[in-house]
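Report on one structure; see the data block that follows.
Residue numbers count from 1 along this sequence.
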Amino acid sequence: MKNEIERPNTVLGLLDKRAQLSGKLKYLRAEERKVICDLDHIDAAIRLFNAKPNENRIVRYPTKHRAKKGEVVRMVVRLLKNATTPMTSLDLVLVQIEERGLKADDETIVLMRKRIGACLNKLKHDGVVRVVPQAGLYQGWEWVR
């Protein structure tokens with residue numbers, strides 16, 4: 001308590017610096033997504049005129065659409081906590097694709113559904129979420145309050 005009184009500007013300065021760096025990181029991630037998208041478009045144009053693969057192509061990730069550790073769990077928990085009605089795995093996938101700026105093709109949706117499904121099953125096993133029966137192909141999921 002004594003340190004808080006003696007150095008209030010230190011903590012405020014650190015909080016301000018953290019906010020600045022957080023904003024810069026968001027900006028850089030958005031710029032990275034734009035550059036990756038531009039490179040994908042250029043690679044597609046090259047393939048139209050040249051059937052040979054491009055050896056200089058930049059590979060984004062070793063695994064397609066890899067998420068950072070814990071990112072999927074945090075997103076699923078956040079969405080289910082804030083949801084007023086049960087959400088399906090497809091609902092969660094579409095939100096994730098939009099938030100991460102990914103291309104919403106069939107291959108990506110299937111891959112993300114597998115990852116979201118594994119996450120939901122683990123959360124269900126931990127007793128954090130539960131299945132809600134719904135009409136249709138997909139089952140609903142809700143946060144256990």
Side-chain angles (χ1 to χ4, degrees), residues 4 7-145:
E4 291 178 27
R7 297 189 177 143
N9 292 335
T10 303
V11 174
L12 292 175
L14 290 171
L15 289 172
D16 185 48
K17 187 62 174 179
R18 187 186 189 296
Q20 287 176 355
L21 292 175
S22 178
K24 187 175 183 177
L25 183 60
K26 284 182 183 178
Y27 171 79
L28 290 172
R29 285 183 177 159
E31 285 298 308
E32 178 189 31
R33 281 194 300 268
K34 289 178 188 174
V35 169
I36 288 171
C37 186
D38 290 344
L39 285 171
D40 286 345
H41 291 309
I42 291 171
D43 287 342
I46 290 171
R47 283 192 302 275
L48 285 173
F49 296 103
N50 183 8
K52 293 187 295 182
N54 184 0
E55 291 83 25
N56 298 325
R57 185 169 189 260
I58 296 175
V59 178
R60 285 184 250 186
Y61 303 106
T63 305
K64 188 171 182 178
H65 307 308
R66 188 177 134 228
K68 292 178 176 50
K69 185 174 176 80
E71 182 180 345
V72 174
V73 174
R74 283 191 300 275
M75 189 248 347
V76 167
V77 168
R78 175 178 50 87
L79 291 173
L80 290 178
K81 275 185 174 181
N82 296 330
T84 56
T85 60
M87 295 183 76
T88 66
S89 60
L90 183 60
D91 296 334
L92 295 167
V93 166
L94 295 175
V95 170
Q96 184 181 33
I97 286 174
E98 183 179 328
E99 285 183 359
R100 292 183 60 199
L102 302 174
K103 190 167 84 173
D105 59 358
D106 290 339
E107 180 184 343
T108 302
I109 289 173
V110 168
L111 178 68
M112 294 297 172
R113 277 202 56 232
K114 289 178 182 177
R115 292 180 185 168
I116 295 279
C119 174
L120 287 168
N121 283 324
K122 178 174 183 333
L123 291 173
K124 178 183 167 188
H125 181 269
D126 294 344
V128 178
V129 299
R130 69 175 162 229
V131 176
V132 178
Q134 287 188 187
L137 296 174
Y138 300 100
Q139 58 188 5
W141 294 87
E142 70 180 3
W143 183 253
V144 177
R145 290 173 170 74

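Atoms CG and CD1, on L90 and I116 in that order, are 10.5 Å from each other to the nearest 0.5 Å. Rounded to the nearest 0.5 Å, atoms CG (L120) and CZ (R115) are 14.5 Å apart. Considering CZ of R130 and NZ of K124, their distance stands at 12.0 Å, rounded to 0.5 Å. A distance of 5.0 Å separates CZ in R100 from CD in E71, rounded to the nearest 0.5 Å. Note that NZ of K24 is 7.0 Å distant from CG of L21, once rounded to the nearest 0.5 Å. Considering CG of L94 and OG1 of T88, their distance stands at 7.5 Å, rounded to 0.5 Å.
Every residue meeting the side-chain hydrogen bond (donor to acceptor under 3.5 Å, both in side chains) condition with E99, not counting sequence neighbours, appears here in chain and number order: R78. Here E31 pairs with K34 under the salt bridge (charged side-chain N to carboxylate O under 4.0 Å, His left out) rule; sequence neighbours left out. Scanning for salt bridge (charged side-chain N to carboxylate O under 4.0 Å, His left out) contacts around K114 gives an empty result, with sequence neighbours left out.
Closest approach of V132 to P86, counting heavy atoms only: CG1-CG, 3.8 Å. Listed here is the closest heavy atom pair of S89 and Y138: OG-CD2, 4.0 Å. Contact record, K122 with D126: NZ-OD2, 2.7 Å, taken as the closest heavy-atom pair.
Residue C119 forms a side chain to side chain contact (heavy atoms under 4.5 Å, CB included) with just one option from V72, V129, L92, V77, and that option is V72.
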Would L28 and E32 count as a side-chain contact (heavy atoms from CB on, under 4.5 Å) here? Give the steps. CA-CA 6 Å; L28 290 172; E32 178 189 31; over 6 Å; no

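Remark: the backbone N or O of G117 is paired with a side-chain donor or acceptor of N121 at under 3.5 angstrom.
The number of heavy-atom neighbours closer than 6.0 Å to CG of D106, taken from other residues, nucleotides and ligands shown, is 12 or below. More than 12 heavy atoms of other residues, nucleotides or ligands lie within 6.0 Å of CD in Q20, so this atom counts as buried by the packing criterion.
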